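None of the values given here were measured: they were computed from a predicted structure. Every chain is numbered from 1 and lettered A, B, ... according to where its sequence line falls, protein lines coming before strand lines.
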Number of protein chains: 2
Amino acid sequence: MTIVLKPIRPKKISEEIVDQIKQLISKGELKPGDRIPSERDLATMLGVSRPSVREAIMVLEAMGFLDSRQGGGTFVRALTEGSIMDPLAKLVEKKDPELLRALAEVRMGLESWSAYLAAQRANAEDLANLRRLYAIMEKQAAKGGWKPEVDTEFHYAITAASHNSLQMHVLDSIHSLFNATIQVALMEFYQQQGHIQRLLTHHREIMEAIADRQPELARQKMMEHLSMVEEKMAQLLSENSE
Amino acid sequence: MTIVLKPIRPKKISEEIVDQIKQLISKGELKPGDRIPSERDLATMLGVSRPSVREAIMVLEAMGFLDSRQGGGTFVRALTEGSIMDPLAKLVEKKDPELLRALAEVRMGLESWSAYLAAQRANAEDLANLRRLYAIMEKQAAKGGWKPEVDTEFHYAITAASHNSLQMHVLDSIHSLFNATIQVALMEFYQQQGHIQRLLTHHREIMEAIADRQPELARQKMMEHLSMVEEKMAQLLSENSE
DNA sequence: GTTAAAAAATTGGTCATACCATATAGCGAG
DNA sequence: CTCGCTATATGGTATGACCAATTTTTTAAC
């Protein structure tokens, strides 16, 4: 008889307070703009010390629920949803160039691996999807345009063709970060510099390598492609830092 | 002339500390699993009071960067734990063979990429660390043993030598999943089958390729190594399912 | 010498108190 | 009534103490 004993993590007092206040907000008893009782009052109300209350408020402030102003008071902030970001997103929100480079590099490793696997396992449906997306890109390129969404979808389709669910999840996290940071700016940068034809060629080569069942070639082409992306990103970042 | 006036809000001390620690994590100086200095030490180091440090840690904990355990200490969490692992951890704990295969495959992609990067960037310190760990493995192998911890540490050291903090975090999530599932069983399986010498050879070849600055070779050797791991894992799973 | 139990040191969690900095409210001078 | 000053309320920081859980070291037993 295996008794699964619970994660006896005695909850911290401040966490209890966080939960209570969060509940008040979610129940609408505390509306945006309201001023909550002072730290001292809350402490006596809850029968705890002020530091505990303070830690709770600190956490809620970090979450975006509250906003404290010295001398003024603590107010409920209008939560526009989306304030809850992953740890990863919080890190790159500063657009630290070093981190973005690391991000691009991780992406390079993951996607080239996806291409390798895709070349081994892509089925007819996968290939048809890739061809469809490539046709759209080609059409756009003929008009001198480039849609980030289509580009992104193309890369997703490759990972999907790897038929590895976990790979899909991991890459999704990385990719969404990329989108959230400089994806769009990067695409515009391409258009200005007239690199669209090169991009199109890259994608075609990758697709053909996958269709021809040449894993090593697909990997290599994806690597070349993303190397250029990283290079352009570095240019973009150095320009902006001037 | 538009003068965008700014924030005005003088930054709180705790926020300052939050930024500093976040930066340490993003730059990779604090890696997943590391224990950060105690609250008291940090307070004296930074020249502030303990409550300020505590508030900062509280916020970072809420953000998912840190994890504090009473009496134990405060540790750096892998940034991808929440966003990638949680949904999948439940699936993997059932030891679904399909998912374990996917896991091993993702690991293969990530680690071979780590080896490639490490061969380009490993410094003297990184190499010394690898050699030290290899020596331990060699000694163990001479006695017919194989310690999973040392093996794991060796692979971590390679990723550390890639000098990409994000790569470190992503791989940590994957690796911890691996450890939680079949890592130990796998090691025992090796010993039973007398594959220790082959394992040792693999690790030596990888290490030498990195030391010789041969990225492609390092990648290839890591791939061979992990291919064998995946193969053995498949054997183990099929045996157990009988 | 190895292992297990016990004690000590370390570390996070909580509390109490005091004082500083800032914003708001209220009062008073003009 | 308006402007400016003062008093007060409130968040921000610092110090110190003690508790609870964990880790490490020491000690004792085998």
Side-chain angles (χ1 to χ4, degrees), chain A residues 5-22 24-25 30 32-77, chain B residues 5-22 24-25 30 32-77 140 143 145 147 149 153:
Chain A
L5 23 94
K6 67 277 194 104
I8 303 195
R9 289 281 203 100
K11 227 186 231 170
K12 289 187 262 189
I13 288 188
S14 59
E15 288 178 354
E16 289 266 3
I17 303 176
V18 166
D19 287 342
Q20 282 202 37
I21 297 184
K22 242 197 318 196
L24 286 182
I25 294 179
L30 283 178
D34 280 0
R35 186 172 65 192
I36 70 174
S38 73
E39 296 180 352
R40 291 169 179 83
D41 289 350
L42 277 175
T44 57
M45 281 185 203
L46 296 165
V48 299
S49 72
R50 196 180 150 209
S52 295
V53 172
R54 202 173 155 64
E55 284 178 357
I57 291 179
M58 222 54 197
V59 170
L60 287 165
E61 203 177 345
M63 288 185 187
F65 289 109
L66 298 179
D67 186 25
S68 292
R69 278 164 343 210
Q70 184 172 191
T74 301
F75 301 83
V76 178
R77 201 146 62 166
Chain B
L5 21 110
K6 54 314 204 10
I8 308 180
R9 276 220 256 149
K11 232 188 227 166
K12 287 187 263 190
I13 286 187
S14 60
E15 287 178 354
E16 195 91 43
I17 303 175
V18 165
D19 286 342
Q20 280 202 38
I21 297 183
K22 250 202 308 194
L24 286 182
I25 294 179
L30 284 178
D34 280 359
R35 187 173 65 192
I36 70 175
S38 72
E39 296 179 351
R40 292 170 180 81
D41 288 350
L42 277 176
T44 57
M45 280 184 203
L46 296 166
V48 299
S49 71
R50 198 176 149 216
S52 296
V53 172
R54 199 171 158 64
E55 284 177 358
I57 291 179
M58 220 59 192
V59 170
L60 286 166
E61 204 177 342
M63 288 185 187
F65 289 106
L66 299 179
D67 186 26
S68 293
R69 286 180 319 229
Q70 184 173 200
T74 301
F75 300 83
V76 177
R77 276 188 14 178
Q140 287 287 332
K143 295 193 292 186
K147 299 263 189 194
E149 313 89 57
E153 204 178 336

Checklist entry - Which residues pass the side-chain contact (heavy atoms from CB on, under 4.5 Å) test with A/I36, sequence neighbours left out? => result A/L30, A/L42, A/I57, A/L66, A/T74, A/V76
Checklist entry - Of all heavy-atom pairs between A/V59 and B/A62, which one has the smallest distance, and what is that distance? => result CG1-CB, 3.5 Å
Item to check | DNA chain D-proximal residues of residues 45-56 of chain B, any heavy atom under 4.0 Å | outcome: B/V48, B/S49, B/R50, B/P51, B/S52
Checklist entry - Given atom CG of B/L66 and atom P of C/dT11, what is their separation to the nearest angstrom? => result 16 Å
Checklist entry - Of all residues at least two apart in sequence or in a different chain, which pass the salt bridge (Lys or Arg N to Asp or Glu O under 4.0 Å) check with B/E153? => result B/R132
Next on the checklist: At under 4.0 Å between heavy atoms, how does the protein contact nucleotides 5-10 of chain D? Give one character per nucleotide, 5' to 3', with B, S or -.
Outcome noted: -----B
Checklist entry - Out of curiosity, A/I25 CD1 to A/M63 CE, how far, rounded to the nearest 0.5 Å? => result 10.5 Å
Next on the checklist: Nearest whole Å is fine: how far is C/dT22 P from A/F75 CZ?
Outcome noted: 17 Å
Checklist entry - Looking at residues at least two apart in the chain, or sitting in another chain, which of them share a side-chain hydrogen bond (donor to acceptor under 3.5 Å, both in side chains) with A/D34? => result none
Checklist outcome for this item: The side-chain hydrogen bond (donor to acceptor under 3.5 Å, both in side chains) partners of A/T44 (sequence neighbours excluded) come to none
Checklist entry - Through what angle, rounded to 10 degrees, does the axis of the helix from C/dG1-D/dC30 to C/dG30-D/dC1 turn between its ends, using five pairs per end? => result 10°
Next on the checklist: Measure CG/B/L42 against P/D/dA14 and give the value in whole Å, please.
Outcome noted: 14 Å
Next on the checklist: Are A/E16 and A/V48 packed together at the side-chain level, in the sense that at least one heavy-atom pair is separated by less than 4.5 angstrom?
Outcome noted: no
Checklist outcome for this item: A/D19 meets the salt bridge (Lys or Arg N to Asp or Glu O under 4.0 Å) criterion, sequence neighbours left out, with A/K11
Checklist entry - With sequence neighbours left out, what residues match A/R50 under side-chain hydrogen bond (donor to acceptor under 3.5 Å, both in side chains)? => result A/E39
Checklist outcome for this item: Shortest non-hydrogen pair, A/A56 vs A/S14, comes out as CB-O, 3.5 Å
